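Below is one structure, written out as structure tokens, with a few remarks after it.
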Amino acid sequence: MKEKEELYNEMYLSAIRLLRQGESHLAIEEYLLRESDDIVLITVAITEAKKTHYAALRKQGFRLMVVGCITGLSGFLITCINFNTSRPIDFAMYGLTSVGITTVCWGLFKIIG
């Protein structure tokens with residue numbers, strides 16, 4: 001039993017490493033088949049590694065979306081405040097809102113996977 005657990009941990013870490021490198025499901029499965037013939041253990045290791053990998057990407061995506069929303073909102077607020085004054089509004093109106101929208105889209109891309 002202990003031998004299977006050690007093999008699972010090794011396969012799990014290998015699957016996470018390969019997912020971070022951008023390998024496909026089939027490539028990861030072929031790599032793990034070289035270590036063991038137990039297809040159930042390989043499937044469980046790949047499934048758990050995918051859950052962990054995509055949870056980390058979702059967390060990073062939500063953080064990017066929050067940063068993008070704050071940046072876009074601050075650009076909007078600065079534009080509204082400076083609109084009736086003689087201060088320039090170009091940077092806030094075009095720069096900050098563009099950066100905010102781009103960051104939100106990047107966060108959505110990370111969440112979707």
Side-chain angles (χ1 to χ4, degrees):
M1 188 69 172
K2 185 147 179 115
E3 184 177 307
K4 287 260 188 192
E5 189 174 318
E6 290 175 7
L7 183 62
Y8 167 77
N9 289 335
E10 184 179 320
M11 287 181 171
Y12 174 75
L13 292 175
S14 296
I16 287 180
R17 182 179 47 81
L18 290 170
L19 277 171
R20 287 183 185 154
Q21 293 175 358
E23 296 292 331
S24 68
H25 177 79
L26 292 175
I28 295 171
E29 189 174 341
E30 288 175 8
Y31 179 81
L32 294 179
L33 277 172
R34 292 184 216 146
E35 295 180 19
S36 174
D37 293 335
D38 190 0
I39 193 70
V40 174
L41 190 63
I42 291 171
T43 305
V44 170
I46 291 174
T47 303
E48 292 300 317
K50 280 185 173 184
K51 285 181 185 178
T52 304
H53 178 70
Y54 289 125
L57 284 178
R58 276 193 305 275
K59 186 176 182 180
Q60 185 181 20
F62 281 122
R63 287 181 182 165
L64 284 171
M65 283 182 56
V66 168
V67 168
C69 287
I70 290 171
T71 305
L73 183 64
S74 66
F76 171 74
L77 291 175
I78 292 170
T79 301
C80 288
I81 292 169
N82 290 340
F83 184 72
N84 291 326
T85 63
S86 61
R87 295 181 186 160
I89 61 169
D90 293 341
F91 174 71
M93 188 153 100
Y94 300 114
L96 289 178
T97 52
S98 296
V99 169
I101 290 170
T102 304
T103 308
V104 166
C105 289
W106 185 22
L108 286 172
F109 176 74
K110 290 272 189 178
I111 289 172
I112 291 171

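For reference, positions follow the sequence shown, starting with 1. Since this is a predicted model, take the numbers as computed values, not measurements.
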Remaining members of the apolar cluster that contains Phe91, side-chain heavy atoms under 4.5 Å: Ile78, Leu96

Connected via hydrophobic side-chain network under 4.5 Å: Ile46 and Leu7: yes

Least distance between heavy atoms, Thr71 atom then Ser74 atom: O-OG, 2.8 Å

Side chains of residues 99-108: which donor-acceptor pairs under 3.5 Å do they make with residues two or more places apart or in other chains?
from: Thr102; atom 1: OG1; to: Ser98; atom 2: O; distance (Å): 2.7
from: Thr103; atom 1: OG1; to: Val99; atom 2: O; distance (Å): 2.7

Salt bridge (Lys or Arg N to Asp or Glu O under 4.0 Å): pairs with one or both residues in residues 84-113, sequence neighbours excluded: none

Separation of Glu48 CD from His53 NE2 (nearest 0.5 Å): 14.5 Å

For the student: nearest non-hydrogen atoms of Asn82 and Thr85, plus distance: O-OG1, 3.0 Å

Qualifying residues under side-chain contact (heavy atoms from CB on, under 4.5 Å), relative to Lys59, sequence neighbours excluded: Arg63

With sequence neighbours excluded, residues passing side-chain hydrogen bond (donor to acceptor under 3.5 Å, both in side chains) with His25: Lys50

Reported OH-to-CE distance for the pair Tyr31 and Met11, which is rounded to 0.5 angstrom: 10.5 Å

side-chain hydrogen bond (donor to acceptor under 3.5 Å, both in side chains) partners of Tyr8, counting only residues at least two apart: none

Least distance between heavy atoms, Ser14 atom then Leu32 atom: CB-CD2, 4.1 Å

Closest approach of Ala15 to Ala45 (non-hydrogen atoms, all atoms of both residues): CB-O, 4.4 Å

Pairs satisfying salt bridge (Lys or Arg N to Asp or Glu O under 4.0 Å), at least one member in residues 13-39, at least two apart: Lys4-Asp38

Listed partners of Thr47 passing side-chain contact (heavy atoms from CB on, under 4.5 Å), at least two apart: Thr43, Lys51

Other ILVMFWY residues reachable from Leu26 by side-chain steps of under 4.5 Å: none

Remaining members of hydrophobic cluster (4.5 Å side-chain criterion), Ile70: Val66

Straight-line distance of Ile28 CD1 to Ile42 CD1, nearest 0.5 Å: 11.5 Å

side-chain contact (heavy atoms from CB on, under 4.5 Å) partners of Leu73, counting only residues at least two apart: Phe76, Leu77

Nearest-0.5 Å distance that lies between atom CG in Leu64 and atom CZ in Phe109: 11.5 Å

